[in-house]
> 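Encoded as structure tokens, here's the structure I'll be asking about.
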Amino acid sequence: RDHLLQRSSPDRYALHDLVRTYANARAVDEDPQPARHAALTRLFDYYLATTAAAVDSRYRNIARLGLRIPQPRTPIPDLADAQSALAWLDVERPTLVAVAEHTATRGWPTHTVRLAQLLFRYLIGGHPTEGLAVHGYARDTAERIGDVLGQVHALNGLGTTCIQLGRFTRAVEHLEQALLLCERVTDPRGEARTLTNLAIVEMRLGRYRPVLEHLQRAIALDQQIGDEAGMASSMLNLGVVEMRLGRYDASTKHIEEVRTRIRNKG
């Protein structure tokens with residue numbers, strides 16, 4: 001209570017609420033709006049680039065996302081190993097949600113959309129509340145600025161999060177909307193991902209015929225673009241469905257093919 005700078009956890013410090021309020025008021029009084037906007041842009045660039053570094057280190061999927069995140073002028077921490085990357089994401093998670101909200105509503109829409117795409121793998125790993133918030137901001141923002149691909153990514157994020165929460169009807173709504181948007185743009189990767197997610201929902205609901213249709217279409221699209229990881233995932237799910245339908249020979253064939261592809265890649 002006696003210090004203006006307070007330690008919230010080991011190696012983490014925060015300014016007292018009154019100090020933050022005072023600093024904000026002084027900035028508004030003394031700094032012109034362009035300077036404040038530039039400062040916030042540097043801050044959001046930092047969080048976007050550091051998130052990209054953490055996700056790349058932890059999940060190795062930045063290239064697959066097709067995102068180009070420029071390096072900020074501010075140095076970012078060394079997150080070369082997966083554990084330090086995960087630790088950074090865990091500590092900064094509340095801040096990243098706040099960044100997604102602020103950028104969505106106050107003039108940095110592309111930051112919101114890209115941040116949601118970067119955080120997908122992390123948030124789906126056990127943070128559904130934050131996932132609904134971040135992907136919801138991204139969907140609304142992408143719709144407002146006419147970013148169809150951004151909407152597809154965000155709707156997939158919402159759909160998969162709803163699957164985790166057992167909200168299957170809502171998940172289907174998000175994913176079917178994403179599939180409709182895929183028809184407006186040429187995005188075979190996004191379409192394949194949406195079909196795979198729809199197949200997962202239908203599988204949970206025990207509706208196996210549409211599962212087979214979705215997965216077969218997804219495999220064809222992944223094959224078209226050379227997405228081995230996506231194709232392996234869809235084939236594995238196809239094997240599971242065939243097994244549940246009692247088609248054991250077909251199931252074995254699909255799973256063996258996945259194993260062969262993984263061995264060849266290794």
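Treat the numbers as computed from the prediction; the structure is a model and nothing was measured. All residue numbers in this chain count up from 1 along the given sequence.
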> Answer with yes or no whether the side chains of Thr41 and Trp108 bring together a donor and an acceptor at under 3.5 Å.
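Judged by distance alone, the side chains do pair up.
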> For a quick check under 3.5 Å, do His111 and Asp45 share a side-chain donor-acceptor pair by atom type?
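Yes, a side-chain donor-acceptor pair sits under 3.5 Å.
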> Less than 3.5 Å apart, any donor N or O on the side chain of Asp17 or Tyr22 sitting next to an acceptor on the other?
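On atom types as modelled, these side chains do not qualify, holding no pair under 3.5 Å.
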> Check whether any side-chain heavy atom of Glu191 lies under 4.5 Å from a side-chain heavy atom of Arg217, and answer yes or no.
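Sidechains of Arg217 and Glu191: in contact.
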> Whether the side chain of Ser233 engages the backbone of Gly230 through a donor-acceptor N/O pair (distance < 3.5 Å, no angle test) should be reported.
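Such a contact is absent between Ser233 side chain and Gly230 backbone.
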> Can you measure from CG (Asn156) to CD (Gln177) and round to the nearest 0.5 angstrom?
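Interatomic distance, Asn156 CG to Gln177 CD, rounded to 0.5 Å: 11.0 Å.
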> Would Asn24 and Thr21 count as having a side-chain donor-acceptor pair, cut-off 3.5 Å?
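Absent: no donor and acceptor within the cut-off.
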> Tyr122 and His127: side-chain contact (heavy atoms from CB on, under 4.5 Å), yes or no, with the steps?
CA-CA 8 Å; Tyr122 170 69; His127 310 290; 3.5 Å; yes
> Using a strict 4.0 Å threshold on nitrogen-to-oxygen distance, state whether Glu202 and Arg209 make a salt bridge.
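Arg209 and Glu202: not salt-bridged.
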> Less than 4.5 Å apart, any side-chain heavy atom of Val55 and any of Arg121?
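Heavy-atom side-chain distance check fails, nothing below 4.5 Å.
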> Can you find a side-chain donor-acceptor pair between Arg193 and His153 that sits under 3.5 Å?
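A pair is found: one side chain offers a donor N or O, the other an acceptor, under 3.5 Å apart.
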> Would the number of heavy atoms belonging to other residues, nucleotides or ligands and lying under 6.0 Å from CG of Asp78 be above 12?
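Not more than 12 within 6.0 Å, no.
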> Between Glu92 and Arg12, is the closest basic N to carboxylate O distance under 4.0 Å?
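Salt bridge present between Arg12 and Glu92.
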> Would Leu96 and Val134 count as a side-chain contact (heavy atoms from CB on, under 4.5 Å) if you check the C-alpha gap in whole Å, the side-chain angles of each, and the deciding distance to 0.1 Å?
CA-CA 9 Å; Leu96 294 173; Val134 170; over 6 Å; no
> Answer yes when Glu257 and Lys253 have at least one side-chain N-carboxylate O distance shorter than 4.0 Å, and no when they do not.
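Result for this pair is no, no salt bridge flagged.
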> Should His214 and Thr196 count as side-chain neighbours, where that means a heavy-atom distance under 4.5 Å?
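In short, these two side chains do not touch, never coming nearer than 4.5 Å.
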> Does CZ in Arg144 sit with more than 12 non-hydrogen atoms of other residues, nucleotides or ligands closer than 6.0 Å?
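Count over threshold, so yes.
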> Is Arg114 close enough and on-axis enough to Tyr47, meaning under 6.0 Å and within 45°, for cation-pi?
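That pair does not qualify as a cation-pi contact.
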> For the pair Leu175 and Leu155, evaluate side-chain contact (heavy atoms from CB on, under 4.5 Å) and give the outcome as yes or no after the intermediate values.
CA-CA 6 Å; Leu175 295 170; Leu155 287 165; over 6 Å; no
> Have Tyr46 and Arg73 got a donor and an acceptor in their side chains that come within less than 3.5 Å?
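Tyr46 vs Arg73: no donor-acceptor pair found between side chains.
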> Measuring from Arg189:CZ to Ile225:CD1, what's the distance to the nearest 0.5 Å?
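If I round to the nearest 0.5 Å, the distance is 4.0 Å.
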> Would you check if Met231 and Arg261 make a side-chain contact, meaning some heavy-atom pair closer than 4.5 Å?
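Answer yes - side chains close enough.
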> Are Ile124 and Trp88 grouped together when hydrophobic residues (ILVMFWY) are joined by side-chain heavy atoms under 4.5 angstrom apart?
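Shared cluster, no.
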> Do Thr160 and Asn197 get their side chains close enough for a donor-acceptor pair, meaning under 3.5 Å?
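No, no side-chain donor-acceptor pair sits under 3.5 Å.
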> Stepwise, does the side-chain contact (heavy atoms from CB on, under 4.5 Å) test hold for Val113 with Leu115?
CA-CA 6 Å; Val113 175; Leu115 185 62; over 6 Å; no
> Check whether more than 12 heavy atoms from other residues, nucleotides or ligands sit under 6.0 Å from atom CG of Asp249, and answer yes or no.
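No, because the 6.0 Å sphere around CG of Asp249 holds 12 heavy atoms or fewer from other groups.
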